[in-house]
Structures are given as structure tokens and as C-alpha cells.
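The model shown is predicted, which means the values in this text are computed figures rather than measured ones.
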Amino acid sequence: LDLRGHGRSDRPDAGYDMATVADDIAKVLGELSADGWQRPLVLGQSWGGNLVVELAHRHADALRGVVGVDGGTIELGTSFPDWSDCERLLAPPRLSGTPAEALRERMCAMRPDWSQEAIDGAMCNMEVLADGTVRPWLTFERHMAVLRGLWEHRPSDLWSSISVPVMFVSALGEHLDAASEAKQVAVATAVASLRNCRSVCVHGFTSTRRLPALSTTARSPG
């Protein structure tokens, strides 16, 4: 699903707050229900993880459950109490005008453990123009509007209202760093607070591409 501002979806200048985008998803689910997609399981990664949590809060009747992959518990306002700090540190690179092949080579160098399929998927975030350069489907200004919406989002305020099953999937490296520890704490807090929640940690991402180990925790309803 290409959300507003992404891919070939509509690109309005406004409406990138979490509630509006979650309502967009609910409208798509309503359209799909006519084709037999009754109460699907909805997955989202990173920002999308927080979006599916917002979706579960706002449109539980349309869902079987939600999964947040490295997302769903993100509260940037805690790490960046001042929006200007978040804006300055997390702004995306300005990639418009970069030759597509140069960007691909840069990605391969930065992510030697990624498959070509993964690189191809990342490149799909870009529109390749006739001159061989790229332009992000999501413009810089709209990306910043998405970031602002995420910065304002407080999923912990929603836990008590969510009735559908929730799963969090967290990817962790071989060595536990401060960011990974914070991620685990946030997920553990969510699992303890939600009515029906499970978490899965995927450990051991390395350039040797060995199969990761899995660990799970779960909380039963009630």
C-alpha cells in the first residue's frame, strides 16, 4: 500500500499526521472488503508500525490484528523534546538529482549484507527520471511532515483503548547497544500494557547472512 505522498498515490501537501493517514488506510480496507478482504491482519514497519497501532485504536472493527516491525512503540518526542532537534538530526538526505546507478552503488557499499532484492526494494522509493537521475517519490517537504506527525505521536497513550491482538517484531544486532536496549524496554512496556500482545526479537544480523535466532514473549488477554 503506497500511502499518501508515496509512490503513485495522491500527493497532497497536508494530511500527514498519524490520524489522517490511519484513516486513509481504513478507507482502503473498506474498498478491499468488497473483494473479500474481511478484517485482515495489517503490518507496518517503522513509521508504519506506529500507523498500524493508530489504526487499531481508531478502526478496530476493520482489523483482525496488527504487527509493528521495528515500530509501533516509537515516541520521538521522548528522545527529542524540542522539535527543532528532531528536525535537524532526522531530516532525510536530499537525493534529487543523484544518478540512479551512483545511488545503487552507494547502497550496496553501505549495506553489504543486503540482497539485490533488498537493494531493488530500496530503490523503489525513487522515481528514475529520463536523464537517469532519481527523485524521491516522497518529497523532502512531505517527508518532514511525516516526521512531524511521528514526533507528535504517543502510542503509549493508546494502549488501554486497543482491543485487537498486537505483535511487535524487533530486529537486534549481534551486540546489544543503547538503542536496542531502549527498543526492548519500550516493547516490554507495551506488552505489559496491552490486552493481547506478543513480541518477537530477531537477533544476530550480520554480513555473513546466517539465520537469526528468535525469542518471544507474550501476554494473554486479561
Side-chain angles (χ1 to χ4, degrees), residues 1-35 37-97 121-129 134-164 166 168 186 190:
L1 169 61
D2 286 344
L3 301 174
R4 65 169 58 204
H6 294 72
R8 292 177 173 82
S9 290
D10 293 344
R11 304 185 194 183
D13 290 329
Y16 294 92
D17 59 282
M18 303 298 283
T20 301
V21 182
D23 289 348
D24 286 346
I25 299 171
K27 290 176 183 176
V28 173
L29 296 182
E31 295 289 335
L32 291 174
S33 65
D35 296 326
W37 290 65
Q38 300 296 326
R39 300 186 66 238
L41 179 68
V42 183
L43 295 79
Q45 180 186 19
S46 188
W47 172 59
N50 278 48
L51 275 175
V52 298
V53 166
E54 182 70 24
L55 184 68
H57 164 64
R58 300 175 66 82
H59 300 282
D61 292 344
L63 306 170
R64 187 176 307 277
V66 298
V67 180
V69 181
D70 268 350
T73 63
I74 299 170
E75 296 197 348
L76 291 178
T78 300
S79 302
F80 302 100
D82 191 324
W83 161 243
S84 63
D85 291 333
C86 183
E87 182 180 32
R88 175 173 51 85
L89 292 171
L90 297 186
R94 294 183 180 268
L95 297 174
S96 292
M123 288 295 296
C124 285
N125 289 308
M126 304 293 156
E127 178 183 9
V128 180
L129 305 181
V134 300
R135 177 171 62 194
W137 289 108
L138 182 67
T139 67
F140 181 87
E141 292 74 19
R142 292 170 189 144
H143 191 129
M144 295 308 295
V146 166
L147 182 62
R148 178 66 187 238
L150 183 59
W151 178 77
E152 293 173 348
H153 199 227
R154 302 290 185 272
S156 60
D157 292 342
L158 309 180
W159 301 148
S160 62
S161 70
I162 294 176
S163 57
V164 299
V166 179
F168 296 109

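Between Ser96 atom OG and Met126 atom CE the span is 8.0 Å, to the nearest 0.5 Å. Interatomic distance, Trp83 CH2 to Leu147 CG, rounded to the nearest 0.5 Å: 4.0 Å. The OG1 atom of Thr139 sits 8.0 Å away from atom CZ of Arg11, with the distance rounded to the nearest 0.5 Å. Distance check, rounded to the nearest 0.5 Å: CE of Met18 to CG of Leu150 gives 5.5 Å. To the nearest 0.5 Å, the span separating CG on Leu29 from CG on Leu63 amounts to 6.5 Å. A distance of 11.0 Å separates NE2 in His153 from OG1 in Thr73, rounded to the nearest 0.5 Å.
The two atoms that bring Val52 and Leu43 nearest to each other are CG1-C, 3.9 Å, heavy atoms only. Residues Val164 and Ala56 come closest through the heavy atom pair CG2-CB, 3.7 Å. Residues Ala190 and Phe168 come closest through the heavy atom pair CB-CE1, 3.6 Å. In this structure, Arg58 and Ala19 approach most closely via the heavy-atom pair NH1-CB, 3.6 Å. Taking every heavy atom of both residues into account, Tyr16 and Pro12 meet most closely at OH-O, 2.6 Å. Pairing each heavy atom of Pro155 with each of Gly72, the nearest pair is CB-O, 3.4 Å.
Every residue was checked against the salt bridge (charged side-chain N to carboxylate O under 4.0 Å, His left out) condition with Asp17, not counting sequence neighbours, and none meets it.
Counting heavy atoms from C-beta outward, Leu90 and Leu76 have side chains that approach closer than 4.5 Å. Two residues are said to be in side-chain contact when any heavy atoms from C-beta on lie closer than 4.5 Å; Ile74 and Ser46 meet this criterion. Under the 4.5 Å side-chain criterion, counting only non-hydrogen atoms from C-beta, Pro136 is not in contact with Arg94. Counting only heavy atoms from C-beta outward, the side chains of Val67 and Leu41 approach each other to under 4.5 Å.
With hydrogens and angles ignored, the 3.5 Å screen pairs a side-chain donor or acceptor of Ser161 with a backbone N or O of Leu158. Side-chain N or O atoms of His6 include one that pairs as donor or acceptor with a backbone N or O of Arg4 at under 3.5 Å. Listed for the Arg142 side chain is no donor-acceptor partner under 3.5 Å among the backbone atoms of Trp137. A donor-acceptor distance shorter than 3.5 angstrom exists from the side chain of Asn125 to the backbone of Ala122, with no hydrogens or angles considered. Remark: side-chain polar atoms of Trp151 are paired, donor with acceptor, to backbone N or O of Phe80 under 3.5 angstrom.
One finds a salt bridge joining Glu152 and Arg148 here, because a Lys/Arg side-chain nitrogen approaches an Asp/Glu carboxylate oxygen to under 4.0 Å. Using a 4.0 Å cut-off between charged nitrogen and carboxylate oxygen, Asp2 and Arg8 do not count as a salt-bridge pair.
In Asp61, the CG atom is not crowded: 12 or fewer heavy atoms of neighbouring residues, nucleotides or ligands sit closer than 6.0 Å. For Glu75, the CD atom is densely surrounded, since the number of other residues' heavy atoms within 6.0 Å is greater than 12.
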Kindly determine whether Ile162 and Val66 satisfy side chain to side chain contact (heavy atoms under 4.5 Å, CB included), including the steps that lead there. CA-CA 10 Å; Ile162 294 176; Val66 298; 6.0 Å; no

